[in-house]
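Only one structure is covered here, and it is reproduced in the block below.
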Number of protein chains: 2
Amino acid sequence: MIDKHSPMPIYYQIEEAIKERIDKGEWREGDMIPSEREFSEMYHISRMTVRQAVTNLVSDGYLIRQIGRGTFVARRKIQQKLFGLTSFTEDMKGRGMKPGTRLLDFRTVSASGPIAEQLQIPDGGEMYEIKRVRSADDLPMALEITYLSEDLVRGLTEEDVYGSLYGYVEKELGMTIGYATQELESSVAREAESRTLGIAEGAPLLLIKRFSYLEDETPLEIVYSAYRGDRYKFVVGMHRNRTDSNG
Amino acid sequence: MIDKHSPMPIYYQIEEAIKERIDKGEWREGDMIPSEREFSEMYHISRMTVRQAVTNLVSDGYLIRQIGRGTFVARRKIQQKLFGLTSFTEDMKGRGMKPGTRLLDFRTVSASGPIAEQLQIPDGGEMYEIKRVRSADDLPMALEITYLSEDLVRGLTEEDVYGSLYGYVEKELGMTIGYATQELESSVAREAESRTLGIAEGAPLLLIKRFSYLEDETPLEIVYSAYRGDRYKFVVGMHRNRTDSNG
DNA sequence: ATATTATAAAGGTATAGACAACTAGTAGTC
DNA sequence: GACTACTAGTTGTCTATACCTTTATAATAT
């Protein structure tokens, strides 16, 4: 089960082994898993290596540690993904719906103003501007405008933007997305939005502004989106900060 | 600076020391901090202990590790709190506004239906129902209805609910809040809401439903809130999941 | 019965090293 | 000038061990 000479780190192999047992139902929610010392003897590895695996799964929400008692399988593994940043495509698939895209506009424009500043594009730089209607089960769900630095994702084509931009950046370009900040506000549809999304004027809209960053904090994209208020709920899981020192 | 005989763990003292230097501006955003070995020699502690401190600060977003290069101070320390779960009171203070509360109703009711189920209250159990208008700088900001298991926070009084419930639970009861899931949707104000919040009928509202849990996953509270769409934006930071195995 | 004490077992903290993988710069070679 | 090889310094992974704190249970004393 554990290969000490694999290029995969041992702690990672342990993580996968534990997650597999949870997914298979071998260990159910609330069950106590073997102690760190038991793992250590079972696989003939150091307890510190076991701890590294368990620590990662705890911060990912798979396990819960209780000192003096043991380590337990967390409840609600379904909701795990609520804590992670997802693309529209992943979001819709996670809800059991079929994501789709209608491309309204795809162009490069010269960067300026606060958008250029956020994307850290120097004067005279170019950026992609992508307008899309995102659909779920073939019904319009949101209107999206995305800005990307041309320098960062050079060679982006129209074909690439029909699916998940996150998937493209991660799989094709091999970059690692780190985090995003999002601002959500409630609004109502005006004429243009109501026509594109097929809803009435004055119907509720959920506006989301997203700034995405790579792992090294390079700004990746800006997305402005307007979701149909009657069909979309934004769901998010949040952890309480360990450090509530000053505020 | 570091006291090996303090009841505070060494790694925690290191964390605080690093954060202090960052807060003071001694180490600025993007700066490289001393290497793990340098810390280790500087304080005469093991490198693994240093790593534990640095690892925690990395997951809290204060630092960024780059293998082969070093460890650097992350940008945007202001936005750190976006990633953490906050109460209304903390949220408003973080925005530089003065939070306030008007108590509309405070009672115990017998639990039943999906609310009792979510709070894991057995048949015949009691729960608190608290209706409050939350204000910012003395202007109404949101209408909130909170449900809490009476068994969990026994002895809650009217006085306790004028401030932060999170603060009460953590400081007075000594419990540790773990996480929450939140659902956000856009809506429009009807007659009752428009009157309470002082806005027009048909004005946008941001509805938020929150389920809070303690560290051991005991359900703590349910909160339904309606925020004024013209004055409130929900801001959140989200990390990309390390583990995007199957989806 | 109740309370106290002892014990075992769990996770928490810490050590002192070792080697691997990666980055950036330097020196040398062509 | 361009390429290669080397080197120093960094984080990443891993070991084997030690002792502490907390929890739950069993044994003992009252």
Side-chain angles (χ1 to χ4, degrees), chain A residues 2-18 27 30-59 62-74 174-176 178 215-218 242, chain B residues 2-18 27 30-59 62-74 174-176 178 215-218 242:
Chain A
I2 300 298
D3 179 4
K4 286 202 181 187
H5 305 92
S6 161
M8 296 291 226
I10 296 177
Y11 73 87
Y12 184 79
Q13 297 181 47
I14 303 278
E15 283 182 51
E16 294 301 312
I18 293 176
W27 296 336
D31 283 1
M32 181 174 161
I33 70 169
S35 75
E36 296 172 356
R37 286 174 178 84
E38 282 174 320
F39 272 121
S40 160
E41 290 162 15
M42 193 186 314
Y43 295 124
H44 302 98
I45 56 177
S46 165
R47 187 183 151 215
M48 291 304 282
T49 303
V50 176
R51 272 186 74 78
Q52 186 169 3
V54 172
T55 300
N56 286 340
L57 292 181
V58 166
S59 41
Y62 284 90
L63 300 176
I64 292 181
R65 278 197 178 116
Q66 291 185 248
I67 77 181
R69 301 219 318 128
T71 303
F72 302 84
V73 178
M175 296 170 168
T176 304
E215 206 175 30
D216 65 356
E217 299 196 323
T218 306
R242 279 190 319 119
Chain B
I2 300 297
D3 178 3
K4 285 203 182 190
H5 305 92
S6 160
M8 296 292 227
I10 297 177
Y11 73 86
Y12 183 79
Q13 298 181 48
I14 302 277
E15 284 182 50
E16 294 300 313
I18 293 176
W27 296 335
D31 282 0
M32 181 173 161
I33 70 169
S35 75
E36 296 172 356
R37 277 177 232 280
E38 282 174 321
F39 272 121
S40 160
E41 289 161 16
M42 192 187 316
Y43 295 123
H44 302 97
I45 56 178
S46 165
R47 188 184 149 215
M48 291 303 281
T49 303
V50 176
R51 273 187 75 77
Q52 185 169 0
V54 172
T55 299
N56 285 339
L57 292 181
V58 166
S59 41
Y62 283 90
L63 301 177
I64 291 180
R65 278 198 178 114
Q66 292 186 248
I67 76 181
R69 301 219 319 128
T71 303
F72 303 84
V73 178
M175 295 170 169
T176 305
E215 207 175 30
D216 65 356
E217 299 197 325
T218 305
R242 278 191 320 118

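In what follows, chains are A, B, ... by sequence order, proteins preceding strands, each numbered from 1.
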Enclosure of Met32(B) CE (heavy-atom neighbours >12, cutoff 6.0 Å): yes
Separation of atom CG in Asp3(B) from atom C1' in dT13(C), rounded to whole Å: 15 Å
Contact summary for Thr55(B) and Arg65(B), nearest pair of heavy atoms: OG1-NH2, 3.0 Å
Side-chain heavy-atom pair Tyr11(A), Asn56(A) within 4.5 angstrom cut-off: yes
Donor-acceptor contact below 3.5 Å, side chain Ser40(A) vs main chain Ile45(A): yes
Lys4(B) side-chain N/O to His44(B) backbone N/O, donor-acceptor pair under 3.5 Å: yes
Check: Thr71(B) side chain, Ile64(B) main-chain N or O, donor-acceptor pair, under 3.5 Å: no
What pairs of nitrogen or oxygen atoms, one from the protein and one from nucleotides 3-8 of chain C, lie under 3.5 Å apart?
none

Distance in angstrom units between Ile14(B) CD1 and dT15(C) C1', rounded: 14 Å
B/S/- contact track for nucleotides 5-17 of chain D, protein heavy atom under 4.0 Å: ----BBBBBBBBB
Non-hydrogen atoms of Ser6(A) and Met8(A) that approach each other most closely: OG-N, 2.9 Å
Nearest-Å distance for atom pair CD1/C1', residues Ile64(B) and dT23(C): 17 Å
Side-chain donor/acceptor of Gln13(B) to backbone N/O of Asp3(B), under 3.5 Å: yes
